[in-house]
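Okay, so here's the structure we're looking at.
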Amino acid sequence: MSKIINYIVPPKNWQLIVTVLIGLIIGLFLYIFYVSNAVSYLSDNPETCINCHVMNSQYDSWNHSSHRERANCNDCHVPHNNVFNKYFFKAKDGMRHATMFTLRLEPQVIQIKEAGIEVVQDNCIRCHSNLITDHRMLGLHNDYNNFREEERKCWECHREVPHGRVRSLSAGKNSLIPDVRKPIPNWINNIVNKIEK
Amino acid sequence: LASSITERRAEVTATYKQEVKIKDWEPRNEVWGKNFPTEYDSYQLNSESNFASKYNGNAMIDMLEADPRLVVLWAGYGFSKDYNQGRGHTYAIEDIRNTLRTGGPENENEGPMPSTCWTCKSPDVPRVMNEQGVKEFYTGKWARLGAEIVNPIGCADCHNNETMELQISRPALVEAFDRMGRDINDATHQEMRSLVCAQCHVEYYFDKKRPGAEGSAYLTFPWDNGMSVEKMEEYYDNKNFSDWTHKLSKAPMLKAQHPGYETYLTGIHAERGVSCADCHMPYMSEGGKKYTDHHIQSPLNNIENSCMVCHKEKTAQLLKDVYDRQDKVIENRDKLEELIVRAHVEAKTAWDLGASDNQMEDILMDIRHAQWRWDYAAASHGASFHSPVEISRVISSGITVAQEARIKLARLLINLGYEGEVPYPDITTKAKAQEFIGLPMDKLETEKDQFLKTLAPKWDAEAKDRESKMPIIYNN
Amino acid sequence: LASSITERRAEVTATYKQEVKIKDWEPRNEVWGKNFPTEYDSYQLNSESNFASKYNGNAMIDMLEADPRLVVLWAGYGFSKDYNQGRGHTYAIEDIRNTLRTGGPENENEGPMPSTCWTCKSPDVPRVMNEQGVKEFYTGKWARLGAEIVNPIGCADCHNNETMELQISRPALVEAFDRMGRDINDATHQEMRSLVCAQCHVEYYFDKKRPGAEGSAYLTFPWDNGMSVEKMEEYYDNKNFSDWTHKLSKAPMLKAQHPGYETYLTGIHAERGVSCADCHMPYMSEGGKKYTDHHIQSPLNNIENSCMVCHKEKTAQLLKDVYDRQDKVIENRDKLEELIVRAHVEAKTAWDLGASDNQMEDILMDIRHAQWRWDYAAASHGASFHSPVEISRVISSGITVAQEARIKLARLLINLGYEGEVPYPDITTKAKAQEFIGLPMDKLETEKDQFLKTLAPKWDAEAKDRESKMPIIYNN
Ligand SMILES: [Ca+2]
Ligand SMILES: [Ca+2]
């Protein structure tokens, strides 16, 4: 055991530098976490999604849809079959979105990915299963509803649900998007302004 | 949650008992209806016959009266006697009995039509095919099966009786796929929602030379080279096949019969994976449950449930979209129709002036090809909406060929001593047109009346007797 | 990383300063570009000339070489000398100077074309119109304004210099709306996103009889009766107007010039409110800011940002959709083209055999109408995608009329003693076709070279001098 600790603990003359470095890394991480409002990413509040302006047009279209009162982003876009899966999926997606956003890799027209499609489809069914399940058919033939529930995407017909059909970073550009908390704290602003002057 | 769903499903299986057991080959729609009352109720609405859209609908419309030029185009062929706007599936039996095309048979060996005509009219067909054999089904006169085939198009045509899955009940479609090197078993569910229709809403001909089935009128879809107007034409040309010889022009004619599926495939909706059922059998809801509308009709009578699920435009706008396309396509289809009428009449004039077979050969082939194109565009009833760009293409090429025929005729006629334009016949009414081509309408109508009063009721009685012996098994 | 996030946030809220003051009538795009560098940078990309789609694109393509039948169709008219695939807006000046159609003027009173030709080529146009007057602008030879008009199509053509709002800078569009009883001031913002294009991408003619403007070649859009192929034809027929007399057939011809806006209006995208800019100037984003792509080109070079905003399909599928429509439409447009070539040659043969004016009159009107329809379909470059159903309709009717002419010609030719078909000319290359119609290409090219070496550089020098006196006012 102590062998291992010895192995990890750097030689005396390095200890200060390493401690400072670790402190810096943790600090920077926390800073990024803060600046990017990552905490909010863990919540179900739709406002968290428009933390990134790239999600504005989806927010806007959802905000004008009949689902606004009934389903938030995560109701559709995150798996709800168990709690672990929910947060795992969120973290995975969140990481990719954040990375792409920061590296400016987002395309003009964002398209939902294969994995996301399945999640959403499952969620449509989760809420609407009553309507689309034909019990009589189930009694006859257990697979009958496969088609309605799996093979075909609901939004092949319900093309406007919930985001409408026009998709681009610029769609709904005049919409009222709630003002997300200002990301740059005043003390940083002050420092920056001082340096400039 | 997942387990909760499974549980609920099991529950459901238990509660929803099937009222009756549907046996193999059950042709009676009302028997299926006992298990599926919602679908059956909507199916019954197919008997409505009061909706007329601009060009289609389910109202009874005498198409020869509406457009007497058709009489001339089909001179020498059954369609010049009688042709009506198609109606709902529940009319299939009534309409085929009533049409003058099937004549007035007095017994099972009489009449102008083969038994094959029944193929697309009833769920009795798979039953009888199973009993008699396919080749045998296609053999003999239409009247031969009159007592066997009495239930209008229905459940057994499209559904498996045990699982209710969509299934193909007609051999012609399977055989055609086979010859194209394709297997319907590979079709996706969504494709099946169109393929059940493709059993009937397709171009066909009666092959009288099929090896192993000589003597029968074997129902065949001419898709071996492809489904485009050119590829099917090539198929028929290669086989030297013609449906009839035109009474005026003596051209070896082809009749295009409702190539609905073939033309639908070339349109944007098919390209985007929209099926026939999506528009003609949209989901409806009753008591918070979705079911498939079995009132199969013009979607223009139900734009809200069909188009508007996918398109957010207003009803009036969508109606306008359909009519705009139909108007633009049909404007030139009408022109082509007139040009072909002229070509037939000019060709007749040439024969009358002593033209030789040799001089006429090319001209007659042009007429054949032009009318085939016209009919492909006209008989595929929904196609000026299903695929307006392809249908326009077909019509343009038809006009080119029709006019080529007329250029050749113009040269020939002058050489035969005819000066100027051949006058357009007076065919302003159906009666005048039928007289022009020399049809004995009174006789045809009398024979039909006779048939409907004597033979048809016998068929019904015989069928009633047979069906009374087919028990309905109730699940207790 | 952290700073990148902060930076991007900052970007969004950043406001920009106007670097320069843009004066009224400022024609220089680079001056506007100082205030709007993002738009200007994308505008500069209009100089790319390397993208060729199946039928369009911005690559330099000699259309007469690609399709020598055009030479025959336009015999006796400028287009038979030279006609290229249209390119980006930045080429407008270069291309109009280079084309053999504008000839090789040696001074301001020479050359085949009127000054009106400049109207759609530059933001200098509104400036000069303001200075000289509109009627005056349209008066005189093309060479007269060579030194005035040097900046290729740009900002002042579409934008208000103070507000940057879209605005109309060309009187012809406003006048045409006026005659139709409409007011462009009522146009919505979305309509403006097409109307700025409708200043140029429209059918036009030069009215030489305009009351009050006699002696000028007054730019006029023939929309008084409507914008359809029939309504514009009616307009020209009523006015007895023709662009030229065909060299072979002597028909009084019409040239259709890019009725892009008129045909777009008949398509589904216009019906659904999609504007030219939606497809040809899609939104882009740079640094968190959205801007309008000012690289105006074939959307096929940018499907991801244009089509995919509204369509979920893959790039390859959307490309196929466009090509499918173009292929289907152009197949018959090509056929029509051939039929009209034949008609011209047959008509020439008839004249050669001594046909009378009287005998030819109807035939020549048919040829006029057929070629007008063909050109309406062909010159409206994007239209086989913008509105495939309408364009198909137009082509079908063109084929009917072309063939009517040929039926009449067949009768006439035999009467004049000509037996059989008139042979199709050998026009397999541009050179052969130009020889066939008797064009002195060497002479035309020498004159053009001379012009480009002598007069054109003088224009540039004069313009440079003038612009050097137009100050750029920097905001401090
Ligand atoms: Ca009907
Ligand atoms: Ca181009």
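None of these values were measured; they are calculated from a predicted model. Chain letters run A, B, ... following the sequence lines, proteins first, then strands; residues in each count from 1.
At a threshold of 4.5 Å between non-hydrogen side-chain atoms, the residues C:His246 and C:His344 count as touching. Inter-residue side-chain proximity for C:Glu337 and C:Ile395 is flagged as unmet; no heavy-atom pair is nearer than 4.5 Å. A heavy-atom distance below 4.5 Å is not found between the side chains of B:Val202 and B:Met227. B:Glu262 has its side chain out of reach of B:Lys231: every pair of non-hydrogen atoms, C-beta onward, lies at least 4.5 Å apart. Counting only heavy atoms from C-beta outward, the side chains of B:Tyr283 and B:Asp278 never approach each other to under 4.5 Å. Counting only heavy atoms from C-beta outward, the side chains of B:Ser397 and C:Asn332 approach each other to under 4.5 Å. Looking only at side-chain heavy atoms (C-beta outward), C:Glu271 and B:Asp324 come within less than 4.5 Å of each other. Contact check for B:Met360 versus B:Lys250: no side-chain heavy atoms found under the 4.5 Å cut-off.
Heavy-atom distances place both the backbone and the side chain of C:Lys328 under 4.5 Å from chain B. For a residue to count as touching a neighbouring chain, one of its non-hydrogen atoms must lie under 4.5 Å from one of that chain's; by this rule C:Gln317 touches chain B with the side chain only.
Applying the ring-ring contact (aromatic ring centres under 6.0 Å, His included) test to B:His280 and every residue at least two apart in sequence or in another chain returns nothing. Shown here are the side-chain hydrogen bond (donor to acceptor under 3.5 Å, both in side chains) partners of B:Lys54, two or more places apart in sequence or in another chain: B:Asp327.
Highest contact tally toward chain C, considering only B:Thr266, B:Asp321, B:Val329, is held by B:Asp321 [criterion: heavy-atom pairs under 4.5 Å]. Chain C forms more heavy-atom pairs under 4.5 Å with one residue of B:Glu421, B:Lys320, B:Gln403, B:Glu404 than with any other, namely B:Gln403. Of all the listed residues (C:Ile268, C:Leu339, C:Thr400, C:Leu336), the one sharing the greatest number of non-hydrogen pairs under 4.5 Å with chain B is C:Thr400.
Ring geometry, B:His269 versus B:His311: the interplanar angle exceeds 60°, so the pair is classed perpendicular (tilted spans 30 to 60°).
Listed by sequence position, B:Pro388, B:Val389, B:Glu390, B:Ser392, B:Arg393 are the residues of residues 371-394 of chain B in contact with chain C, using a 4.5 angstrom heavy-atom cutoff. Within residues 407-420 of chain C, the residues having any heavy atom less than 4.5 Å from a heavy atom of chain B are, in residue-number order, C:Ile407, C:Ala410, C:Arg411, C:Ile414, C:Asn415, C:Glu419, C:Gly420.
The backbone N or O of B:Lys335 sits nowhere less than 3.5 Å from a side-chain atom of B:Glu338 that would complete a donor-acceptor pair.
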